[in-house]
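Here's the structure, in structure tokens; my notes come after.
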Amino acid sequence: MALKRGLSGVNRVRGGGGGGGSRSAFILLVFFCVFAPLVFFVGRGVYIDSSDDYSNDSVKQDLDWRERLAMKSLRSLFSKEASVLDVITASTADLGPFSLDSFKKNNLSASYREAGVDTSVRNSQNQTTSSALNAKGDITSKGGSHQKVETPAKFYRRQLREKRREMRANELVKRNVDTILKLENAAIERSKSVDSAVLGKYSIWRRENENDNSDSNIRLMRDQVIMARVYCGIAKLKNKTELLQELQARIKDSQRVLAEATTDADLPRSAHDKLRDMGQVLSKAKMQLYDCKLVTGKLRAMLQTADEQVRSLKKQSTFLAQLAAKTIPNPIHCLSMRLTIDYYLLSPEKRKFPRRENRENPNLYHYALFSDNVLAASVVVNSTIMNAKDPSKHVFHLVTDKLNFAAMNMWFLLNPPGKATIHVENVDEFKWLNSSYCPVLRQLESAAMKEYYFKADHPSSGSSNLKYRNPKYLSMLNHLRFYLPEVYPKLNKILFLDDDIIVQKDLTPLWEVNLNGKVNGAVETCGESFHRFDKYLNFSNPHIARNFNPNACGWAYGMNMFDLKEWKKRDITGIYHKWQNMNENRTLWKLGTLPPGLITFYGLTHPLDKSWHVLGLGYNPSIAKKDIQNAAVVHYNGNMKPWLELAMSKYRPYWTKYIKFDHPYLRRCNLHE
């Protein structure tokens with residue numbers, strides 16, 4: 001059809017009438033002789049250009065020579081009627097799928113182009129060059145090797161297979177990624193359970209290392225020793241002297257073998273012989289002495305004895321832990337002594353702090369810190385100043401006892417906290433704070449309270465009460481928090497800080513928090529069933545039961561924003577005195593400051609966001625690292641204070657980074673990380 005349209009176009013150009021037949025024959029002859037080879041070589045050129053491996057200089061030169069020869073013949077034949085070339089060019093555009101434009105638009109591969117072009121050429125030439133074209137269509141040369149040419153159908157199927165393989169590979173990769181994510185999440189959850197089980201059995205969180213039979217020999221030997229002791233008691237009752245001596249000898253042998261072994265791998269080679277010998281003696285004893293009633297009674301007696309020993313050791317352990325937690329380490333004691341000596345060597349003029357006018361300025365940010373630990377107080381001040389945006393607006397009111405007053409002054413005279421203001425006071429110089437005004441002072445002077453504190457073997461002193469027998473409860477520094485308006489009468493707001501905290505962010509936004517008419521701003525500590533009022537107060541007492549809700553949420557001391565104006569208006573100190581007088585016999589709550597604080601500020605506490613104050617670094621090993629890092633204040637409440645050797649090592653760096661251990665005083669007192 002394309003050929004006919006081309007010939008008819010030529011006839012129209014030449015104005016064909018009667019002589020159209022001869023002209024058509026002539027054009028047809030020119031097409032077969034010249035144009036068909038041209039199409040062949042053009043197709044071959046497309047194929048060569050599309051495959052870099054087949055392109056070389058000799059082939060290109062051969063192609064260029066043949067094209068120039070063909071074009072020269074065409075020009076000589078159609079010199080008078082050049083428009084015929086345009087007609088032929090236009091006609092080739094209608095070749096459909098065999099046109100070059102169709103190949104370019106469809107983006108077909110080189111092998112398909114070659115196959116399609118070769119097929120069209122063979123049809124147009126009536127297979128005159130079939131042998132050469134068949135050779136080219138069947139094989140292609142690629143770097144000296146031969147490869148069969150794919151048909152369009154095979155090429156399409158191969159593409160489908162490749163796509164399926166690619167999809168399958170992507171699916172497998174995705175599954176692999178999902179599996180890795182699941183394993184990572186499982187590992188994270190497992191690590192959390194590890195932290196919470198630090199104080200438990202090792203194999204609880206390392207189940208892969210747990211083998212039911214790993215310590216079977218040790219357990220068997222211990223069971224043998226227990227049964228041998230049972231039979232020793234029965235043998236003594238029945239005067240079986242020879243058997244008694246044999247049992248006692250085997251018990252000693254087994255105990256020597258066990259020694260400090262905790263697994264079968266720790267046992268010596270002679271353990272199996274000892275097991276066998278003990279088994280033989282026990283078999284002999286069973287034959288001679290076994291009486292079900294006697295054995296049961298003996299085992300029960302041994303169990304009761306062991307239980308009493310465990311309780312006694314637990315009580316002793318609790319006492320030692322409390323003692324270790326409340327004892328000042330030697331390096332800190334050394335630091336306090338050296339600072340005290342150097343302070344009294346200063347002249348009175350050099351003992352004064354600068355910027356005294358800021359102490360009662362209500363427009364500045366005021367902090368209250370009551371402590372007898374110089375190093376702990378310095379960490380609180382340093383961490384606050386290092387994270388403050390404008391240190392010059394911060395005023396620290398430190399109150400200590402007379403033993404540490406000189407040391408506290410000397411430290412901050414030597415190490416002033418930048419442009420911040422420091423004010424150090426001695427609690428023993430507060431003349432208004434006496435037993436006639438303060439109920440807790442009067443109670444501490446009573447004989448019953450002294451007996452409770454200092455007579456450790458008192459019948460009522462159970463192990464649960466040991467933590468309340470604490471020196472800090474004898475110090476007014478602990479109870480001074482209930483007298484803030486009396487200590488700072490000209491201030492409107494003050495932020496109370498404990499000495500076992502560190503500050504990690506700027507705290508000035510706390511002064512902008514609206515307490516909604518409440519007196520105390522604090523972070524609540526209650527969970528689903530713990531740290532509520534019933535944990536701290538005795539609700540069997542009618543005074544407590546009538547006035548408070550046992551499920552009311554507790555809150556924490558350590559970082560508290562107090563509105564001193566509201567404090568005075570609501571007479572908070574008077575409320576505290578009322579309840580403290582009612583608790584003279586410790587029937588409402590145990591000793592401490594949190595229970596009376598919960599009572600005094602009941603209904604007057606505004607809950608702050610939990611990110612302001614994270615607690616538990618002194619007892620809880622499972623606090624999330626993210627929560628610690630996001631907290632404004634971190635609190636080491638509990639026995640494991642960061643300045644003690646029993647502190648948790650993973651929490652200690654948060655505290656030590658605010659200490660300059662190369663300080664001369666710290667080096668002389670052997671204070672180090």
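Since the structure is predicted, the reported quantities are computational estimates derived from the model, not experimental observations.
Note that CG of L617 is 10.5 Å distant from NZ of K641, once rounded to the nearest 0.5 Å. A distance of 5.0 Å separates CE of M559 from CG of L608, quoted to the nearest 0.5 Å. In this structure, CG on D498 lies 9.5 Å from CG on L615, to the nearest 0.5 angstrom. Expressed to the nearest 0.5 Å, how far CG of L160 lies from CZ of R165 amounts to 11.0 Å. Distance check: N217 CG to Q224 CD gives 9.5 Å after rounding to the nearest 0.5 Å. If you take CG on L495 and OG1 on T384, they are separated by 8.5 Å, rounding to the nearest 0.5 Å.
Within the 4.5 Å cutoff, no side-chain heavy atoms of N549 are placed close to those of R532. Within the 4.5 Å cutoff, the side chain of L507 has no heavy atoms near those of the Y365 side chain. Side chains of Y651 and N620 form no contact here, defined as non-hydrogen atoms less than 4.5 Å apart. Within the 4.5 Å cutoff, no side-chain heavy atoms of Y619 are placed close to those of N639. Side-chain contact between K660 and N382: absent, with no pair of heavy atoms (C-beta onward) separated by less than 4.5 Å. Contact annotation: the side chain of T508 never approaches that of K393 to less than 4.5 Å [non-hydrogen atoms, C-beta and beyond]. Looking at heavy atoms from C-beta onward, I502 lies out of side-chain contact with K657 at the 4.5 angstrom threshold. Residues H635 and H613 are in side-chain contact: their nearest non-hydrogen atoms beyond the backbone lie under 4.5 Å apart.
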Would T605 and K518 count as a side chain to side chain contact (heavy atoms under 4.5 Å, CB included) here? Give the steps. CA-CA 6 Å; T605 300; K518 304 295 178 65; over 6 Å; no
- Query: Passes side chain to side chain contact (heavy atoms under 4.5 Å, CB included), V257 versus M221? Steps please.
  - Reply: CA-CA 9 Å; V257 170; M221 292 188 75; 3.8 Å; yes
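Judged by distance alone, the side chain of Y658 and the main-chain N or O of M386 form no donor-acceptor pair under 3.5 Å. Without hydrogens or angle criteria, Y636 side chain to W643 main chain gives no donor-acceptor distance under 3.5 Å. Under a 3.5 Å cut-off, the side chain of K505 and the backbone N or O of N630 do form a donor-acceptor pair. A donor-acceptor distance shorter than 3.5 angstrom exists from the side chain of D609 to the backbone of S611, with no hydrogens or angles considered. Under a 3.5 Å cut-off, the side chain of D534 and the backbone N or O of N551 do not form any donor-acceptor pair. N560 places a side-chain N or O within donor-acceptor distance of the main-chain N or O of G558, the cut-off being under 3.5 Å. One N or O on the side chain of K610 and one on the backbone of E524 form a donor-acceptor pair closer than 3.5 Å. At distances below 3.5 Å, not a single donor-acceptor pair connects side-chain atoms of K274 with backbone N or O atoms of L258. For N387 (side chain) and D506 (main-chain N/O), no donor-acceptor pair under 3.5 Å exists by modelled atom type. Looking at Y654, its side chain never comes within 3.5 Å of a backbone N or O of Q504 through a donor-acceptor pair.
Minimum heavy-atom separation, D264 to I218: OD1-N, 3.2 Å. For the residue pair P642 and A647, the shortest heavy atom distance occurs at CA-CB, 3.8 Å. Taking each heavy atom of W612 and P509 in turn, the nearest pair found is CH2-CB, 3.9 Å. When all heavy atoms of G616 and N637 are compared, the pair lying nearest together is N-OD1, 2.6 Å. A556 approaches A522 most closely through the heavy-atom pair O-CB, 3.9 Å. Scanning both residues, V614 and D627, for their nearest heavy atoms gives CG2-O, 3.6 Å.
Every residue two or more places apart in sequence or in another chain that forms a salt bridge (Lys or Arg N to Asp or Glu O under 4.0 Å) with R276 is listed here: D273.
Annotation: E645, atom CD; neighbour count of heavy atoms from other residues, nucleotides and ligands within 6.0 Å does not exceed 12.
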